[in-house]
Amino acid sequence: MVAPAEIAAPSAWLAIDWALAVVVGWLAVGAAGVFALRRFRLVAHVLFPAGGALGVVLAGVAIAALFGSAQTAVLPLGLPGLPFHLRLDGLSAFFLMVIGGAAAGVSAFAAGYFRRGEGTPPGLLCLEYHVFLASMAMVVLADDAYAFMVVWETMALSSFFLVTANHRIPEIRRAGYIYLLVAHVGAIAILMCFGVLQANTGDYTFANMRAQRLDPFWASAAFLLAVTGFGAKAGLLPLHVWLPEAHPAAPSPVSALMSGVMIKTAAYGVLRVAFDLLPLQLWWWGAALLALGLATALYGVIFAAVQVDMKRLLAYSSIENIGLLFAAIGLAIVFSAYGMRTIAALALTACLYHVASHALFKSLLFVGTGSVLHATGERNLGKLGGLMRYTPWVAWVTLVGVLASAGLPPLGGFVSEWLLLQSFLFTPGLPHPVLNMLIPVVAALIALVAALAGYTMVKFFGVIFLGQPREEKLAQAHDAGRWERAGMLWLVAGCVALGLLPSQFIQLIDPVTRLLVQAGLGDTVAAHGWLLTPAGIERASYGPVIFLLGIAASFAIAWLLVRLLYHGRLRRAPPWACGFPWQSARMQDTAEGFGQPIRQIFEPFFRMRRELPTAFDAQPRYRVTAEDHFWYWLYLPIAAATARIARLVGLLQQGRIAIYLMYSFVTLIVMLLLVRR
């Protein structure tokens, strides 16, 4: 039963109908995978591409829905008296666009990635994968707490089974357990948040929550519960520990979706609660979220810089990026609380731009590592190197993702970070003196995080693809196949488009910011065409096409000068090695060596374990492990306390019926005494 806000014609399909059709299509593709459980070619070359095509359809439907009015639907699913309420508005349409666009490229890559005999049968993987996609789409469509929690848990469980696809490996089972544990802790906090938002009315629809007028205390309680619950899914400190464990354990296409798309549903949840369901915003909410986001970003990028596993490096990089996202949301809340709607729209635009940009470039980096993993069988950076000569296709497309992740123009990663820094330039207009004093320090931290992110990406690309191979078997590495190339090209095209067409993309974001803060940048950027001026031509501007043409002209001039002055002569010679004549791969900087300065400067961030060589070693031995303090400060003490409580509770279980009857009798007496009082 569909109840749209506006119906143009009785028989016309609305955008929400098309979105639901895509969700049903994904579920059908997954079900087909079960019927073709071990028919590898059918699953890989038909079903996964079909899922990618449905992603393209979803992205197109979402773009069309961005400029329409909100549409609602009630599905005959759920419990009696608790049907599923759905709503497609600007915010949900934007995230559907991101989900569909990223899923299209990752699904095409997955068609060439999965191999026979790799853990879970391909048909079962197909089911779990497409249920995962469908549940993410339903999360942003849900319009009541019951539907939201059902699809949120479906998303968690389907991704858990994908993470543990190679469940025979103990480390992967451990990673899946940690992920599921943190996911359920977050789900409890989200459920409690909805309980506060419904204000004891018994109506858990989002429409009823919007109608409530909570006082500042209960509104703050709901906001903090939302940040805790959604922060657990996003990887905010100190609930980040699952992310560097689960993402490396999952197959690379799954890692791409989890890191590029799934953790963005947490940003969607915070935006939905803070700007849509809550009746007010308080400045200290934004300040707290800004501080938490920056701490998460700095923590993530420092740990990324010292990693020696390429997938763990990218996982910590995702923690850094999610920290920047939440810092932008916090800044938007601060501006909104003081009625500075236009600047709040600028901060929200930076956040949403980074949501889309990170979804594309992080998915590209994870599928690139998947190609490297299949080509070499190695994830350890210390055993890679020189792959550009053996896998040039993978190297060049991964380079695009690296440049976007490092925040370099003219790609999308630069635009979102530039917009975020632009937001900080307007903080002197805040009527709060403490914020005016602290925000410049925060802007400096943003710049530090961006610089360390560039440092990390140089390490990532250089150690894997440049120099000489560190292992003999790397000479047998093979380049990506056709399906893998098609998926990576889609993601590359998205990264380039976001970099070259920022004004056009900001106009897509404009309906979302107008929905959330009643202001937008669409008219401002449209007035200047290709020149991006988010706040006015007198303050700042950026021309991505001009920048690209300048880069191309510089390369062309350099090429012409070489041709004219040196007649195109080319001489190859070994690199200078300080006079040492025997050059080998061991003379290259290692991943550990590259990260050593960061490890030295930020040593208090790590729990260090060193294994140093001695004079009695038969062969060279050196190992440094940088561990996370939060395991020892928070999680291991909680685990130990839980085990002690469980042992005490276990004493109650004596196996004697008389003892159990006594427990019941004592409980009844205590309850009667409490009721009497």
Side-chain angles (χ1 to χ4, degrees), residues 109 112-113 115 252 256 307-314 317 361 363-406 408 411 454-493 495-496 551-552 555-556 558-559 562-563 566 568-578 580-595:
F109 177 87
Y113 176 84
R115 305 289 196 269
S252 292
Q307 296 305 306
V308 296
D309 182 298
M310 59 182 178
K311 293 187 76 174
R312 286 181 69 88
L313 183 151
L314 294 180
S317 173
F361 72 67
S363 296
L364 178 59
L365 290 175
F366 265 110
V367 297
T369 60
S371 292
V372 170
L373 183 58
H374 268 176
T376 64
E378 289 291 348
R379 279 178 21 192
N380 191 323
L381 293 172
K383 297 183 178 180
L384 297 170
L387 286 181
M388 179 169 273
R389 70 185 69 177
Y390 307 116
T391 59
W393 217 94
V394 174
W396 284 111
V397 296
T398 303
L399 180 60
V400 175
V402 164
L403 295 176
S405 181
L408 296 178
L411 297 170
Y455 179 94
T456 302
M457 288 298 109
V458 169
K459 167 185 172 178
F460 174 80
F461 186 83
V463 172
I464 294 174
F465 293 104
L466 303 181
Q468 299 183 35
R470 292 177 173 83
E471 299 279 338
E472 293 183 2
K473 65 178 181 179
L474 298 183
Q476 309 300 320
H478 57 82
D479 218 337
R482 287 176 296 177
W483 282 111
E484 294 168 294
R485 295 186 184 191
M488 288 191 284
L489 271 181
W490 174 271
L491 298 171
V492 165
C495 293
V496 174
I551 294 175
F555 274 99
W559 184 83
V562 170
R563 298 290 295 181
Y566 295 95
R569 296 192 300 271
L570 181 68
R571 182 172 67 91
R572 295 186 181 274
W576 170 247
C578 302
F580 191 77
W582 298 284
Q583 297 180 11
S584 67
R586 290 194 61 189
M587 298 185 64
Q588 298 172 165
D589 201 0
T590 63
E592 293 89 344
F594 208 103

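For clarity, every value in this text was computed on a predicted model and none was experimentally measured.
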J.: Do you know which two heavy atoms are closest between Cys495 and Leu364, and how far apart they sit?
T.: SG-CD2, 4.4 Å

J.: About how many Å separate CG of Leu373 and CZ of Arg379, when rounded to the nearest 0.5 Å?
T.: 7.0 Å

J.: Going from CE on Met457 to CG on Leu399, what distance comes out if it is rounded to the nearest 0.5 angstrom?
T.: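 If I round to the nearest 0.5 Å, the distance is 11.5 Å.
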
J.: Which one of Thr456, Leu314, Leu365 satisfies the side-chain contact (heavy atoms from CB on, under 4.5 Å) criterion with Ser405?
T.: Leu365

J.: Test Val367 against Ser252 for side chain to side chain contact (heavy atoms under 4.5 Å, CB included), laying out the working first.
T.: CA-CA 6 Å; Val367 297; Ser252 292; 5.8 Å; no

J.: If you round to the nearest 0.5 Å, how far is NE2 of His374 from CD of Glu484?
T.: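 That separation rounds to 7.5 Å.
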
J.: Return yes if some donor-acceptor pair links the side-chain N/O of Ser317 with the main-chain N/O of Leu313 below 3.5 Å, else return no.
T.: no

J.: Rounded to the nearest 0.5 Å, how far does CH2 of Trp393 lie from OG1 of Thr398?
T.: 9.5 Å

J.: For Met388 versus Ala395, what's the shortest heavy-atom pair and its separation?
T.: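 Result for this residue pair: CE-CB, 3.8 Å.
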
J.: Look up atom CZ in Phe465 and atom CG in Leu384, then write down how far apart they are to the nearest 0.5 Å.
T.: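 One gets 8.5 Å once the value is rounded to the nearest 0.5 Å.
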
J.: What pair of heavy atoms forms the shortest contact from Ser371 to Phe109, and how long is it?
T.: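 Ser371 and Phe109 have their closest heavy atoms at OG-CE1, 3.3 Å.
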
J.: With no hydrogens and no angle check, is any side-chain donor or acceptor of Lys459 less than 3.5 Å from a backbone partner on Gln307?
T.: yes

J.: Measure from the side-chain N and O atoms of Asp309 to the backbone N and O of Leu381, and report whether any donor-acceptor pair falls under 3.5 Å.
T.: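 Looks like no, no N/O pair under 3.5 Å.
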
J.: Take Lys473 and Lys383, measure what side chain to side chain contact (heavy atoms under 4.5 Å, CB included) needs, and give me the verdict at the end.
T.: CA-CA 10 Å; Lys473 65 178 181 179; Lys383 297 183 178 180; 6.0 Å; no

J.: Can you list the steps and then say if Met488 with Val394 is a side chain to side chain contact (heavy atoms under 4.5 Å, CB included)?
T.: CA-CA 9 Å; Met488 288 191 284; Val394 174; 4.3 Å; yes

J.: Quick one: pull up NE2 in His478 and OH in Tyr390 and give me the separation to the nearest 0.5 Å.
T.: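 That separation rounds to 14.5 Å.
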
